[in-house]
Trainee: 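Sharing a structure, written as structure tokens. Questions coming.
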Amino acid sequence: MKRLLLVPLLWANVAHGTPAEDYRQYCEQCHGLNRIGATGPALLPESLGRIKPDEVRQVIRDGRPASQMAGFAAQLDSARIDGLVDFLQQPPASPPTWDAQAIRASHTVLADLSQLPTTPQHHADPLNLFVVVESGDHHMDILDGDTFNVLDRFPTHFAVHGGPKFPPDGRFVYFASRDGWISQYDLHNLKLIAETRVGLNTRNLAVSKDGRWVLAGNYLPGNLVLLDARDLSLVKILDTGSRVSAVYTAPPRDSFIVALKDLNEVWELAYADAQPRFEPRRIQAQDVLDDFSFSPDYRQLVATSRKAGGGQVIDLDSGAVVTDIPLAGMPHLGSGTYWRRDGHWVFATPNISKGQISVIDLNTWALIKQIPTLGPGFFMRSHVNSRYVWSDVFFGPDNDAIHLIDKQTLEISHTLRPVPGKTAAHVEFTRDGRYVLLSIWATDGALIVYDSQTLKEVKRLPMNKPSGKYNVGNKIEFAEGTSH
Ligand code: DHE
């Protein structure tokens with residue numbers, strides 16, 4: 001109905017042969033009215049920001065293999081394709097909106113939880129399952145962490161990003177797509193349960209420690225959307241007046257912590273009460289703190305700050321700046337990790353513009369060491385039983401290398417090149433730390449399982465650009481060495 005009313009209105013304003021007309025004729029059916037996405041992904045500047053114009057041009061011309069995106073070289077000459085590429089990089093003439101009504105209308109319950117068994121309907125250890133994101137063809141795998149057999153593989157919405165999150169008993173996994181869809185999947189019954197589209201461009205989600213709430217952070221519209229974790233129904237929308245960079249749960253504080261992209265503030269939303277009000281506590285900062293990590297007790301934030309020339313430590317209770325940490329380049333604190341060295345907690349962060357890893361003493365906040373690497377890295381992971389921290393070299397000619405850093409000496413002990421010429425990235429350990437799973441980040445890629453002590457390859461599963469992988473037990477225990 002909506003479509004029948006709106007199409008003639010837009011059509012009336014669209015001149016023949018213009019990029020807007022080409023969009024209407026060739027793209028709109030799959031990518032939606034006003035480019036907000038339909039069966040195909042949204043085509044808004046926020047959604048395309050990560051794709052180079054040349055790639056957009058090539059996809060319009062030749063299509064995307066193994067997807068429903070056909071090529072339009074026969075219909076559109078290169079000048080018209082160029083016009084379309086420029087058009088897609090401009091915001092739509094009427095700004096797209098996504099309000100409570102749209103969120104509620106998108107909510108879909110796919111399975112009746114009350115009819116499903118409440119115990120695992122498979123033989124794998126439910127706390128040693130892995131959730132693996134295959135970003136090449138937008139699928140997710142559920143992997144038995146003992147046999148490394150795939151229990152289920154299912155399609156996801158476009159571009160799942162950020163860590164999938166779990167309630168305390170590990171029964172469900174919740175994940176967010178960049179196009180705004182939040183999904184709930186039952187790991188006991190290997191079934192999708194519910195989906196809700198919370199926005200047009202979403203960053204990530206967090207699940208409260210008690211498993212009652214799911215909070216999603218959006219770039220478009222700039223807001224927070226709170227869902228009931230039982231079925232993803234809408235509870236509340238909180239306008240932030242800023243794009244939201246990321247949302248996290250802070251278990252010892254019984255709260256969500258929110259990183260904002262356009263405000264000098266960090267927000268905290270408490271959820272300990274039986275009926276939380278979700279009124280934000282606004283912690284004033286001296287700078288935009290949009291990428292950060294926490295101290296192990298969640299009392300402090302370690303944030304990137306341009307003003308501080310690197311990192312800044314904020315006390316979450318008082319809101320006061322504890323200290324600045326000078327770090328050159330672009331440290332990616334959200335991807336860092338911590339461990340114990342000589343009885344002290346240390347934190348290490350990769351750097352996405354420089355080939356170096358910075359190691360910081362979490363007691364004194366002193367910079368202990370800058371470890372030179374073969375190139376800028378993205379993810380660092382370890383396990384309490386592992387001697388090493390695994391750190392990828394994501395960018396540059398050595399992106400096929402992965403460094404194993406000795407947690408005590410802070411020296412690089414090994415550099416593996418699992419598949420020469422192909423990006424090796426992002427690891428996660430089994431719950432007991434005995435094995436480590438690594439991605440070969442290519443369309444003809446793989447998930448490689450290593451023995452974490454002998455460093456011998458144990459198994460290789462072909463996969464389509466596997467990105468992140470997440471062990472249920474490590475995640476629900478907020479284990480040392482993994483992402484939270
Ligand atoms: Fe991510 C996690 C931000 C680009 C793959 N990424 C995160 C988190 C943040 C973040 C804040 C933590 C969220 C959480 O725990 O739920 N990522 C950003 C960016 O700002 C950046 C640099 C630019 C952007 O446009 O978003 C960015 N990220 C990427 C990629 O290009 C990656 C490599 C490919 C992709 O899928 O988009 C990528 N990001 C990931 C992955 C995680 C992630 C796999 C989860 C890591 C984990 O182990 O928890």
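Fair warning: this is a prediction, and the values are worked out from it, not measured in the lab. Just follow the structure's listing: the first ligand is 1, and inside any ligand the first atom is 1.
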Trainee: Could you count the protein N, O or S atoms found under 2.8 Å away from atom 1 (Fe) of ligand 1?
Mentor: 1
Trainee: Under the criterion side chain to side chain contact (heavy atoms under 4.5 Å, CB included), which of N128, D152, L461, N471 is the partner of L143?
Mentor: L461
Trainee: Quick one: which ligand 1 atoms are inside 4.0 Å of a heavy atom on R381?
Mentor: 46 (C), 47 (C), 48 (O), 49 (O)
Trainee: Using the side chain to side chain donor-acceptor pair (under 3.5 Å) definition, which of the options H403, Q453, H383, H414 pairs with Y388?
Mentor: H414
Trainee: Between L88 and L48, is there a side-chain heavy-atom distance shorter than 4.5 Å?
Mentor: yes
Trainee: Using a 4.0 Å cut-off to any heavy atom of N204, which atoms of ligand 1 qualify?
Mentor: 13 (C), 14 (C), 16 (O)
Trainee: In chain order, what residues pass the salt bridge (charged side-chain N to carboxylate O under 4.0 Å, His left out) check against D444, with sequence neighbours excluded?
Mentor: K422
Trainee: For atom 44 (C) of ligand 1, what's the nearest protein heavy-atom neighbour? Residue, atom name and distance, please.
Mentor: Y470 OH, 3.5 Å
Trainee: Which bit of W441 gets closer than 4.0 Å to ligand 1, counting heavy atoms only: side chain, backbone, both or neither?
Mentor: side chain
Trainee: Does the distance from a Lys or Arg side-chain N to an Asp or Glu carboxylate O, for R230 and D228, drop under 4.0 Å?
Mentor: yes
Trainee: Taking E477 first and then R431, would you say they form a salt bridge - that is, a charged N and a carboxylate O separated by under 4.0 Å?
Mentor: yes
Trainee: If the condition is ring-ring contact (aromatic ring centres under 6.0 Å, His included), which residues does Y185 pass it with, not counting sequence neighbours?
Mentor: F154
Trainee: Does a side-chain N-to-carboxylate-O contact under 4.0 Å join D315 and R299?
Mentor: no
Trainee: Using a 3.5 Å cut-off on N or O atoms only, is K475 in polar contact with ligand 1?
Mentor: no
Trainee: Pairs of nitrogen or oxygen atoms closer than 3.5 Å, one from S467 and one from ligand 1: do any exist?
Mentor: no
Trainee: Checking salt bridge (Lys or Arg N to Asp or Glu O under 4.0 Å) between D406 and each of K369, R341, R387, which is the one that passes?
Mentor: R387
Trainee: Enumerate the atoms of ligand 1 whose separation from the nearest heavy atom of G468 is less than 4.0 angstrom.
Mentor: 44 (C)
Trainee: Taking the minimum heavy-atom distance to atom 29 (C) of ligand 1, which of K465, R178, M380 ranks first?
Mentor: R178
Trainee: Answer yes or no: does an N/O atom from G163 fall short of 3.5 Å to an N/O atom of ligand 1?
Mentor: yes
Trainee: Would you mind running through ligand 1 and noting each atom that sits below 4.0 Å from a heavy atom of H426?
Mentor: 46 (C), 47 (C), 48 (O)
Trainee: When you check the gap from the basic side-chain N to the acidic O, do R153 and D141 get nearer than 4.0 Å?
Mentor: yes
Trainee: Mind checking what makes side chain to side chain donor-acceptor pair (under 3.5 Å) contact with D62, not counting sequence neighbours?
Mentor: none
Trainee: Identify, for atom 19 (C) of ligand 1, the protein heavy atom at the shortest distance, and state residue, atom and that distance.
Mentor: R203 NH2, 3.3 Å
Trainee: Can you tell me if K165 contacts ligand 1 (heavy atom of the residue under 4.0 Å from the ligand)?
Mentor: yes
Trainee: What protein heavy atom lies closest to atom 49 (O) of ligand 1? Include the residue and the distance to one decimal.
Mentor: S483 OG, 2.7 Å
Trainee: Answer yes or no: does atom CZ of R212 have more than 12 heavy-atom neighbours from other residues, nucleotides or ligands under 6.0 Å?
Mentor: yes
Trainee: With a 4.0 Å cut-off, strictly under, does atom 14 (C) of ligand 1 pick up any protein heavy atom?
Mentor: yes
Trainee: Should the pair W390 and Y450 be assigned to parallel (<30°), tilted (30 to 60°) or perpendicular (>60°) ring geometry?
Mentor: tilted
Trainee: Is atom 7 (C) of ligand 1 touching the protein, meaning some protein heavy atom lies under 4.0 Å away?
Mentor: yes
Trainee: Does NZ or CZ of R35 lie under 6.0 Å from the centre of the six-membered ring of F87, at an angle within 45° of the ring axis?
Mentor: yes
Trainee: Parallel, tilted or perpendicular for Y298 and F478, by the 30°/60° rule?
Mentor: perpendicular
Trainee: Of the protein's non-hydrogen atoms, which lies at the shortest distance from atom 31 (O) of ligand 1, and what is that distance?
Mentor: R50 NH2, 3.4 Å
Trainee: With heavy atoms of A246 as the reference, note each atom of ligand 1 found under 4.0 Å away.
Mentor: 11 (C)
Trainee: Looking at ligand 1, is there an atom of it that comes within less than 4.0 Å of some heavy atom belonging to H332?
Mentor: no
Trainee: So between F394, F379, Y248, whose heavy atom ends up nearest atom 5 (C) of ligand 1?
Mentor: F379
